[in-house]
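Worksheet: one structure, shown below.
Computed from a predicted structure; not experimentally measured. Just follow the structure's listing: the first ligand is 1, and inside any ligand the first atom is 1.
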Amino acid sequence: MSTLRFELLREALGRTAVPVNNENRPAEDFAKNVFNREKMQRYLSKYTYKALTDSIDKGLPLDRAIADGVATGMKQWAMDMGATHYTHWFQPLTGGTAEKHDAFLEPNANGGIIEEFSGKLLVQQEPDASSFPSGGLRNTFEARGYSAWDPSSPAFVVGDTLCIPTVFIAYTGEALDYKTPLLRSINALDKAATDVCKYFDENVTKVISYLGWEQEYFLVDEALWAARPDLVTTGRTLMGHESAKNQQLEDHYFGSIPSRVLAFMTDLENEALKLGIPVKTRHNEVAPNQFEVAPVYEEINLANDHNILLMSIMKRVARRHHFRVLLHEKPFKGINGSGKHNNWSMGTDTGVNLFSPGKNDTQNLQFITFLVNTMMAVYKYNGLLKASISSATNAHRLGANEAPPAIVSIFLGKQITEVLDKLERVSTDDVIHFDKKVALRLGVAHLPEVLLDNTDRNRTSPFAFTGNRFEFRAVGSSANCAEAIMTLNTVMANQLSQFKIEVDNLIGTGMTKDKAIITVIKNMIAECRPIHFEGNGYSEEWKEEAARRGLDCETSVPLIFDNFLKPESLAVFEKCGVLSHAEIESRCEVKWETYTKKIQIESRVLGDLAMNHIVPVASSYQSVLLDNIYKINALFSKEDADMMCRQNRRIIKDINAHIEFITEKCTEMTEARKKANVITSEREKAVAYHDTVVPLMDTIRYHIDKLELIVDDRMWTLPKYRELLFVR
Ligand code: ADP
Ligand code: MG
């Protein structure tokens, strides 16, 4: 019978850790494969180097003649690193990255070959983009989009290829990727935040926003992975009964890291460090075979490129160790899924973290200003922010009993909560002192001083203040962080401009600056109260309470996407210059289309597996039982036989009932797909998939999982949860 499964298990169990090349010297090799400033200085003329770094620092366009100089130096460096090809590396809306490799070699007019890489090829290219999703922005007849160099993120070499980070835009200028709006949002936030910072320090000329991501993932042995068509095709298990033991003992979290996994992690870190990704933290996560890797935070655009790059390196390195890495948000039912906490903060070019309580009254008022404006922005656009992290894959994680729920709220911790409570009540005529050590004394002597405790944590909150940053935890493990972060940057930029207008208005009436700021903040604290929630985000009561508070509680992903098209969302993106109306519409089309495709593929795979793995195996087992009954009846008296066969007769009937359900529901599911497929509106199609196909998938799975418990283990072909999750 299913000897294959046991062979694969033996193979997986027999593996030992793959030795890691210990010639690596992480400290010396850091950024070895990156064309960073040190390399630029070595490979570019003084003049070119200065022009390039100036244009990067000031965000100015690069002169064509300079680009030629940069290209020559960059090519030389890449060839010294062993590169033979180059590619524009960009982030289309399909997810992941796209690259088309071209050789440096080009035929010349004399029938020979020369090495060619001009400034023109560095700066702009036209990948044949017709098969990337554009949501109707660029139909295939117009075909062309182009990729354009983003000099603010350094080029790097992977294998034999020089990779040049680029944006990807349509010929008409619309963004077709994740990076373009992210860059626009970074600029919008810089401008709005700098304006507000000037209330507190005239010397601030730039605000830099930062991202520190924490990437969660699962590892599965490649032999077992290969025997699970659902994992191979969809990245998650579409069936599988829960293992008797999974995460209830909490013995995996922060436990010692298994040796095969440690070898993988070390190898991954070495590769990441060479590419300048400052990875720092690694540990086991809550679920069995679940892990996390996190770098030191960086400027957002760079941090995001590094995350995308790391995700692709992970896949490659995992294969060297006979693992497959699962970046899906919910590869296994019943245990924790994977997220990607986005730690987000802002800092001035004078070195002040705007989310850190400061050293004096002014800095603390600045801190409170940015904190409360964040709350206000998240409050007004909580539905939009939820839309920015929603996807078919993340849907399994949101609202399931684990962080975070499908409602966006903010956790502040006890100290900050007290500070805001006091601030809301205090009269603006009182003297306000912020204590040196951090939080504050408000009013005069009658309020106690509060010391900020950074360790206050609430793991159930999707958006938490953690001492010197906000942690947006609802982002999915497979997502491009750019979607969430560009949305957050945009609503924050908008909020800060709004704040400035209100404060300036009050100053215009003759109010002092500090009093005007405190007056506006007090009003904001009162208004955004509903977003503030310190309790258990997983509880049923919170869902009811959140609805009463008017927060977005929608759970259907296709409907959540509607938030992008609300007038206030269109207005905020347009006003901040991040996305135009047409760009948002096209992105929503892509989101709905992607949602439909993901569910469609899963549903087909489930149907196939049900009909050609599960039902045949269950029928075979039924035959074994029937055979057994037949033989017993031949050898024993009717009375004895009846008694002896009672149990098997019951099992045969059970199996029959499950098989009947499965086949019936698979037919229904095919019908539901057929019906949905003819719908022309992408939105309506996605809604139909959500409403009609997904529930059938859940029912089918339920019966398959029951069969897994009944059928003889030796006959079961698919590796089980207890094997996928515990063998390593
Ligand atoms: P935890 O799991 O306790 O949240 P980790 O150490 O796993 O902590 O991850 C914290 C992440 O937050 C790291 O990527 C870290 O660099 C990042 N981080 C720390 N301070 C800031 C900050 N001011 N702005 C943005 N990210 C930050
Ligand atoms: Mg964290």
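- No hydrogens or angles considered: a donor-acceptor pair under 3.5 Å links the side chains of Asn343 and Glu214.
- Those atoms of ligand 1 that come under 4.0 Å of a heavy atom in Glu292, given as number and element, are 7 (O).
- Contact analysis puts Glu471 in contact with ligand 1, with a non-hydrogen atom separation below 4.0 angstrom.
- Thr417 pairs by the side-chain contact (heavy atoms from CB on, under 4.5 Å) definition with Leu412, Asp421, His532, Glu534, not counting sequence neighbours.
- Under the rule for a salt bridge (charged side-chain N to carboxylate O under 4.0 Å, His left out), the partners of Arg320 that lie at least two apart in sequence or sit in another chain are Asp267, Glu271.
- Counting heavy atoms only, Asn343 comes closest to atom 17 (C) of ligand 1 of the residues Asn342, Asn343, Thr281.
- Between the NZ atom in Lys179 and the OG1 atom in Thr166 there is a gap of 7.5 Å [rounded to 0.5 Å].
- The cationic atom of Arg260 (NZ for Lys, CZ for Arg) lies less than 6.0 Å from the six-membered ring centre of Phe323 and within 45° of the ring axis.
- Close N/O approach between Tyr210 and ligand 1 is not found [any backbone or side-chain N/O within under 3.5 Å].
- For ligand 1, the atoms sitting less than 4.0 Å from at least one non-hydrogen atom of Val296 are 16 (O), numbered in the order shown with element in parentheses.
- With Phe533 as reference, Trp542 is the one residue of Tyr538, Trp542, Phe411 to meet the ring pair (Phe, Tyr, Trp, His ring centres under 6.0 Å) rule.
- Counting heavy atoms only, Pro295 comes closest to atom 14 (O) of ligand 1 of the residues Gly347, Ala294, Pro295, Pro278.
- At a 4.0 Å cut-off, not a single heavy atom of His283 sits close enough to ligand 1 to count as contact.
- Those atoms of ligand 1 that come under 4.0 Å of a heavy atom in Asn353, given as number and element, are 23 (N).
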